Amino acid sequence: MILYNITVILDEGIEREWLIWMQNTHIPEVMAAGKFVSQRVLKVLESPNEGVTYCVQYVADTKELYDSYRVQFEQGFLHTLQNKYPNKLVSFSTIMEFI
């Protein structure tokens, strides 16, 4: 199984709006792509960064499913996120394998 983790560092002023949008719009759209079996949102309580830090995690059964998501959908979803909140957040992703 593969864990696709996106860490997002937000300006505090958009935290509530961003979280509502993620939970009601963005995450359902990502899950509708059919590549992931589960998802979760975590708030980082002790972050060395300014602003607020969240991790949005998606689990895929195989690396091939994640790769398919990346090729077909990832850039579009990231573009949407950056356009919705220009200069208000920074994000990076990490791919991990369950052992």
Side-chain angles (χ1 to χ4, degrees):
M1 294 186 82
I2 300 298
L3 178 71
Y4 171 43
N5 180 84
I6 305 102
T7 301
V8 183
I9 305 164
L10 314 162
D11 286 353
E12 290 178 10
I14 67 163
E15 179 182 10
R16 180 167 167 68
E17 176 189 341
W18 175 86
L19 188 57
I20 290 168
W21 178 75
M22 287 295 290
Q23 292 175 320
N24 294 334
T25 303
H26 187 70
I27 291 171
E29 288 175 350
V30 171
M31 293 303 292
K35 308 299 180 181
F36 300 107
V37 295
S38 66
Q39 59 79 29
R40 74 185 126 239
V41 178
L42 301 104
K43 184 174 182 178
V44 178
L45 297 179
E46 295 183 15
S47 175
N49 304 303
E50 288 187 31
V52 183
T53 303
Y54 282 87
C55 293
V56 181
Q57 299 181 338
Y58 301 96
V59 176
D61 281 332
T62 66
K63 177 81 165 51
E64 291 75 24
L65 282 168
Y66 163 74
D67 288 340
S68 176
Y69 166 80
R70 187 174 47 102
V71 168
Q72 295 176 346
F73 301 103
E74 184 178 53
Q75 287 305 311
F77 285 138
L78 292 176
H79 187 269
T80 300
L81 182 63
Q82 293 296 331
N83 282 340
K84 186 159 180 66
Y85 300 104
N87 303 314
K88 298 289 184 180
L89 59 82
V90 173
S91 67
F92 63 91
S93 62
T94 310
I95 307 306
M96 295 169 261
E97 181 178 27
F98 286 85
I99 304 298

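Model, not experiment: these values are computed from the prediction. Just the heavy atoms: all of them, side chains too, but no hydrogens, waters or symmetry mates, feed the values below.
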May I have the step-by-step check of side-chain contact (heavy atoms from CB on, under 4.5 Å) for Gln72 and Lys35, ending in yes or no? CA-CA 10 Å; Gln72 295 176 346; Lys35 308 299 180 181; 3.4 Å; yes

Quick one, Val41 with Leu19, criterion side-chain contact (heavy atoms from CB on, under 4.5 Å). Give me CA distance, side-chain angles, the key distance, then yes/no. CA-CA 9 Å; Val41 178; Leu19 188 57; 4.1 Å; yes

Could you check whether any side-chain heavy atom of Leu3 comes within less than 4.5 Å of a side-chain heavy atom of Phe98, counting everything from C-beta outward? yes

Close side-chain approach of Met96 to Ile2, heavy-atom, < 4.5 Å: no

Pairs in or reaching into residues 2-13: which pass side-chain hydrogen bond (donor to acceptor under 3.5 Å, both in side chains), with residues at least two apart or in two chains? Tyr4-Glu74, Asn5-Thr7, Asn5-Gln57

Do Lys43 and Glu15 sit within salt-bridge range, that is, some charged N less than 4.0 Å from a carboxylate O?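 Yes, this pair counts.
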
Could you give the distance from [atom1] ([X]) to [atom2] ([Y]), rounded to the nearest 0.5 Å?
X: Leu10; Y: Glu50; atom1: CG; atom2: CD; value: 13.5 Å
X: Thr25; Y: Lys84; atom1: OG1; atom2: NZ; value: 7.5 Å
X: Asp67; Y: Glu64; atom1: CG; atom2: CD; value: 6.5 Å

Tell me whether [X] shares a hydrophobic cluster with [Y], the cluster being built from Ile, Leu, Val, Met, Phe, Trp, Tyr side chains joined at under 4.5 Å.
X: Ile95; Y: Val8; answer: yes
X: Leu65; Y: Ile6; answer: no
X: Val59; Y: Val56; answer: no

Using the ring pair (Phe, Tyr, Trp, His ring centres under 6.0 Å) definition, which of the options Tyr85, Tyr54, Trp21 pairs with His26?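 That would be Trp21; it is the only one of Tyr85, Tyr54, Trp21 passing the ring pair (Phe, Tyr, Trp, His ring centres under 6.0 Å) with His26.
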
Please answer whether the main-chain N or O of Gly76 pairs with a side-chain N or O of Thr80 as donor and acceptor at a distance below 3.5 Å. yes

Check Met31 against Tyr58 and note the closest heavy-atom contact, atom names and distance.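 Nearest heavy atoms, Met31 then Tyr58: SD-CD2, 3.8 Å.
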
Nearest non-hydrogen partners of Ser91 and Gln82, listed with the distance: OG-NE2, 3.9 Å

More than 12 non-hydrogen atoms from neighbouring residues, nucleotides or ligands closer than 6.0 Å to CG on Asn83, yes or no? yes

CA sep, side-chain torsions, deciding dist, call: Met1, Asp61, side-chain contact (heavy atoms from CB on, under 4.5 Å): CA-CA 5 Å; Met1 294 186 82; Asp61 281 332; 3.6 Å; yes

side-chain contact (heavy atoms from CB on, under 4.5 Å) assessment of Val30 paired with Gln39: CA-CA 10 Å; Val30 171; Gln39 59 79 29; over 6 Å; no

If we check side chain to side chain contact (heavy atoms under 4.5 Å, CB included) with Ile9, which of these qualifies: Val52, Thr53, Leu89, Val44? Thr53

